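All remarks here apply to the structure that follows.
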Amino acid sequence: MEIRTVHAAEITETVKKLYMDMNYFIGEDILCALQSAQQTESSPIGKSVLSQLIENNRIAAEEEIPICQDTGMAVLFIEYGQQVVIDGGSFEDAVQEGVRRAYTEGYLRKSVVTDPVFDRINTKDNTPAILYTTIVPGDQIRITAGCKGFGSENMSSVKMLTPSAGIDGVKAFILDTVRYAGPNPCPPIVVGVGIGGTFEKAAMLAKKATLRPINTKNEDPRYAALEDELLSAINRMGFGPAGLGGDCTALGVNIETFPTHIAGMPVAVNICCHAARHQSAVI
Amino acid sequence: MKKKIHLPLTDEVIRTLKAGDSVLITGSMLTGRDAAHKRLYELIEAGKPLPVNIDGEVIYYVGPAPAKPGHAVGPAGPTSSYRMDKYAPALLDRGLKGMIGKGKRNKEVVDAMIRNGCVYFAAIGGAAALISRSIKKIETLAYDDLGTEAIYRFYVEDFPAIVAIDADGNSILVESAP
């Protein structure tokens, strides 16, 4: 087995670029969905909101400034090839340094506080980022990175359904979560759903689902159909762009699943705003 | 049709604003969000003076991103208003005339708006780069230690917003769904 050496500085530079790019440049999948919704939206106010969001994305890209002032908390899913050895520092430090440089040098807002309850003092560089690292075969490092604003994060939810709840229970919980969120999470939203695993696995799957492009489908046709069905149901709710009424409440629903226990059927819903910022890289 | 309005808001102007009206706001406004609201509220509760005069003012719920060189302010879209609901009635009772944010308000806030003749505007969540173009100048007024959460004064021209809840308590926000 050959060992590949990767310099810590390369990881730092890659992560920095991912975070600056995702904050300045809207994803192609999202932009297409916004443009298509703008064409079909029947509410005049909704149509106007969608036009302003498209214009906002244009300005952000042109001036290389953030799409939204809430540049979020950094979350990274990393597949670390076991043949890779890091030279010049620790892997974790290299990633954190990349996030630190993006937020301090890229005019991104620093929104992370130290202690959640008592101190709440800003760390001033948006670290720590949250890393989910898995070790995989190979000699590459795959990084899928997102930044999560909390207007939508606060509207997310996990429920420990049990098997008798069935598909109807799953649908009801997802739709109830979206209905409760209403106009708050900056609709049109992207809905990430995680089903299965354990309590925390379902939540991680839901997060991962928000990082998948919305023009892709779950590989299992049954879940792909469920994604379509839920998207239609959400868009019949009428919240519309910015929650001011209209046809377009969601741009996409992405579902990820995992095997679970005989007694359980955990479901997590992670709501994401219309910017749904994420980028990927392979080192 | 977009209605042009100037700050400070007069009671006459507030009476003409109806839920659903698109407005372009010019003048100066305060900013403040979670941490600043908590401090203002605690001072009011303790019967102590506030570091800024809120009487007749409009407050924008925002924590701007840092400004790039040559820009007056970084992207500065609204934050979720419901987090300020616990504190807003006390501020409205102290003379605050308007709030700008995004999303729902609770009944206590709407009641305080009706009681005091106030208006709640929605700015478009996430349209932060677009909105920042209407902000011409900013000054720090209080709580500098809070960074992005400090209380600033924003000087705005044609700041785009929508009357979400008017002084009669009528709302354009879609708050429930079948």
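Chain letters run A, B, ... following the sequence lines, proteins first and then strands; every chain starts at 1. None of the values given here were measured: they were computed from a predicted structure.
Using a 4.5 Å cut-off between heavy atoms, A:L53 contacts chain B through its side chain alone, with no backbone atom that close. Using a 4.5 Å cut-off between heavy atoms, B:A164 makes no contact with chain A at all. Using a 4.5 Å cut-off between heavy atoms, A:I67 contacts chain B through both its backbone and its side chain. Looking at A:A275, there are no atoms closer than 4.5 Å to chain B (heavy atoms on both sides), in backbone or side chain. Residue contact with chain A, scored on non-hydrogen atoms closer than 4.5 Å, involves the side chain of B:I162 exclusively. Only the backbone of B:A76 has a heavy atom closer than 4.5 Å to any heavy atom of chain A.
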Evaluation steps, salt bridge (charged side-chain N to carboxylate O under 4.0 Å, His left out), between B:E42 and B:R39: CA-CA 5 Å; B:E42 285 168 356; B:R39 289 189 185 178; over 6 Å; no

Evaluation steps, salt bridge (charged side-chain N to carboxylate O under 4.0 Å, His left out), between A:R109 and A:D70: CA-CA 6 Å; A:R109 196 180 79 182; A:D70 186 353; 3.6 Å; yes

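Contact count against chain B (heavy-atom pairs under 4.5 Å) is highest for A:H274 among A:R236, A:E55, A:R58, A:H274. Contact count against chain B (heavy-atom pairs under 4.5 Å) is highest for A:M237 among A:M237, A:R120, A:K124. Heavy-atom pairs under 4.5 Å with chain A were tallied for B:G74, B:G63, B:S80, B:G20; the largest tally goes to B:G63. Comparing A:G245, A:C273, A:P66 by heavy-atom pairs within less than 4.5 Å of chain B, the highest count is held by A:P66. No other option in B:G147, B:A127, B:G125, B:S132 has as many heavy-atom pairs under 4.5 Å with chain A as B:A127. Looking only at heavy-atom pairs under 4.5 Å with chain B, the residue among A:S111, A:G151, A:P183, A:C68 that has the most is A:P183. Annotation: maximal heavy-atom pairing with chain A below 4.5 Å, among B:P160, B:G103, B:P66, B:A123, occurs at B:P66. Each of A:G243, A:A242, A:G182 has some count of heavy-atom pairs under 4.5 Å with chain B, and the biggest count is that of A:G243.
One finds the SG atom of A:C147 at 9.5 Å from the CG atom of A:L211 (value rounded to the nearest 0.5 Å). How far CG of B:L17 is from SG of B:C118: 12.0 Å, rounded to the nearest 0.5 Å. Considering OH of B:Y61 and CD of B:E149, their distance stands at 13.5 Å, rounded to 0.5 Å. Of the inter-residue distances, the one linking B:R153 atom CZ with B:K137 atom NZ reads 10.5 Å to the nearest 0.5 angstrom. Atom CG of A:D21 and atom NZ of A:K16 lie 11.0 Å apart (nearest 0.5 Å).
Relative ring orientation between A:Y103 and A:Y19 is described as tilted, the plane-to-plane angle lying within the 30° to 60° band.
Figure legend: B:K104 and B:Y120 shown without cation-pi pairing, the cationic atom not lying both under 6.0 angstrom from the six-membered ring centre and within 45 degrees of its axis.
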